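Residues take their numbers from the sequence shown, with the count starting at 1. We use all heavy atoms of the structure for the numbers below, so side chains are in, but hydrogens, waters and symmetry mates are not. Everything quoted here is computed from the prediction, not taken from an experiment.
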Amino acid sequence: MIYYLKQAFIRPKDIYKAKGMKKRHLAAIVALLVFVVTLLNMIQILPTVNSIESDGKEIANDLPEFSVTDGKLQAEGAESYIHQTNTFLFFFDPENETNSNEIDDNLDRLKVPIGIGLFEKELYLNLSGFEMETPYSQIEDFNNETIRTIFNEIGNFSIISYLISFGILYIGLGLFTLFDLLFIVLFGNLFSRILRSNLRFKENMRIAILSALLPTLLVELASVFNVLSLYTFELKIILSLFFLYLTIKEMKKNTQAD
């Protein structure tokens, strides 16, 4: 496996030599790719995770007294307000002056990952695009102490929590990575036929996946450091096909020389 990785990262023109690579080596390389992609994404979200605890306590300290009566938020003497931190956009609105759409719009504009709204009749949550509305009538014993406890305890992650988060992220990103590789393999096989390489589909698949290693990691690195955010999928395909072209060209040259 190390031999093929060296080809992918050091001598991309020799990637064609992986056309006879064993299935277990191919599976190990894909698993390693997903591991590195997951690690890069964990590094990207760590600053957010680390700030959740302090931001949560900041919101908890400013939270006014309130209770829920007959499914409605009651807060005598407290006015509606908005509290923004690096990780939270918190709307306290017992007077029903805003709505969930305003939270969604501001999350996109301010680039804040978590939006929470305490409205007159419901609790609203937007977690990086995942939205949930829950009427207070469906929540038992809901008051300011409930929310204050949640905000004070949120962000207290243990090593086990990080490992579980990594595992969940690994599975999710693994599916996305396999989806990207599937398209690269399909485009690569078509491109290989256009170049008249005379390679079979399985051989093209191995070469295409190796050709995608460096482009995938480069694009992921660029995304982590906010250098690149648009057209990442298209860029992976284009760069992978470029490496595929280089190695097939090299293969045909060596074949003619022999």
Side-chain angles (χ1 to χ4, degrees), residues 38 40-173 223-226 229:
T38 304
L40 290 174
N41 279 270
M42 282 291 289
I43 292 172
Q44 186 178 23
I45 66 175
L46 272 179
T48 299
V49 172
N50 291 334
S51 64
I52 283 178
E53 183 177 2
S54 59
D55 289 351
K57 290 181 178 179
E58 180 182 321
I59 292 176
N61 291 335
D62 293 339
L63 192 68
E65 300 288 330
F66 71 85
S67 61
V68 173
T69 305
D70 296 327
K72 291 185 178 181
L73 190 68
Q74 306 290 333
E76 294 184 7
E79 298 181 352
S80 298
Y81 71 92
I82 300 172
H83 192 144
Q84 179 191 345
T85 66
N86 291 331
T87 51
F88 293 103
L89 186 60
F90 179 73
F91 279 57
F92 182 79
D93 186 21
E95 300 169 352
N96 226 33
E97 296 177 350
T98 58
N99 55 51
S100 58
N101 291 332
E102 188 165 347
I103 293 182
D104 298 341
D105 293 341
N106 280 282
L107 286 179
D108 292 335
R109 181 175 61 85
L110 299 172
K111 305 300 181 185
V112 179
I114 304 172
I116 299 175
L118 295 184
F119 299 124
E120 182 184 19
K121 297 181 180 180
E122 65 184 12
L123 166 68
Y124 177 74
L125 173 67
N126 185 323
L127 180 59
S128 297
F130 175 79
E131 303 170 17
M132 182 178 67
E133 296 181 2
T134 306
Y136 297 129
S137 58
Q138 297 181 6
I139 308 175
E140 295 182 1
D141 301 325
F142 187 80
N143 54 38
N144 58 288
E145 288 302 322
T146 305
I147 294 295
R148 186 172 285 119
T149 300
I150 292 173
F151 274 117
N152 278 324
E153 293 182 357
I154 196 170
N156 293 327
F157 292 102
S158 64
I159 296 298
I160 295 178
S161 299
Y162 280 111
L163 290 175
I164 293 174
S165 299
F166 185 89
I168 295 172
L169 195 62
Y170 182 90
I171 294 172
L173 290 174
S223 299
V224 166
F225 292 103
N226 296 318
S229 59

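With rounding to the nearest 0.5 angstrom, the CG atom of Asn41 is 5.0 Å from the CG atom of Leu173. Note that the CD atom of Gln74 and the CG atom of Asn143 stand 13.0 Å from one another [nearest 0.5 Å]. Atoms CD and CD1, from Glu102 and Ile82 in turn, are 5.5 Å apart once rounded to the nearest 0.5 Å. To the nearest 0.5 Å, atoms CZ (Phe91) and CG (Leu118) are separated by 11.5 Å. The CG atom of Asn126 lies 11.0 Å from the CG atom of Asn106; values are rounded to the nearest 0.5 Å. We find the CD1-CG distance between Ile59 and Asn152 to be 11.0 Å, quoted to the nearest 0.5 Å.
Scanning both residues, Gly115 and Ile103, for their nearest heavy atoms gives CA-CG2, 3.9 Å. Taking all atoms of both residues into account, the shortest heavy-atom contact from Pro94 to Leu73 is CB-CD2, 3.8 Å. Closest of all the heavy-atom pairs between Glu95 and Glu79 is OE2-CA, 4.0 Å. Between Glu122 and Tyr136, the shortest heavy-atom contact is O-OH, 2.9 Å. For the residue pair Val112 and Asn86, the shortest heavy atom distance occurs at CG1-O, 4.1 Å. Minimum interatomic distance between Arg148 and Ala60 (heavy atoms only, all atoms of both residues): NE-O, 3.2 Å.
By the 4.5 Å heavy-atom criterion applied to side chains, Glu133 and Ser100 are counted as neighbours. Two residues are said to be in side-chain contact when any heavy atoms from C-beta on lie closer than 4.5 Å; Asp55 and Phe151 fail this criterion. Considering only heavy atoms from C-beta on, Phe92 comes within 4.5 Å of Pro64 through its side chain. You'll find the side chain of Ile116 reaches within 4.5 Å of the side chain of Leu123, heavy atoms only. Between Thr98 and Phe119, the closest side-chain pair of non-hydrogen atoms falls below 4.5 Å. For the pair Phe90 and Asp62, the minimum side-chain heavy-atom distance is 4.5 Å or more. Inter-residue side-chain proximity for Leu125 and Ile114 is flagged as met; some heavy-atom pair is nearer than 4.5 Å.
Within 6.0 Å of CG in Asp70 there are 12 or fewer heavy atoms belonging to other residues, nucleotides or ligands.
Thr146 places a side-chain N or O within donor-acceptor distance of the main-chain N or O of Asp141, the cut-off being under 3.5 Å.
For the side-chain contact (heavy atoms from CB on, under 4.5 Å) with Tyr124, the qualifying choice from Asp104, Thr134, Asn99 is Asp104, the only one to do so.
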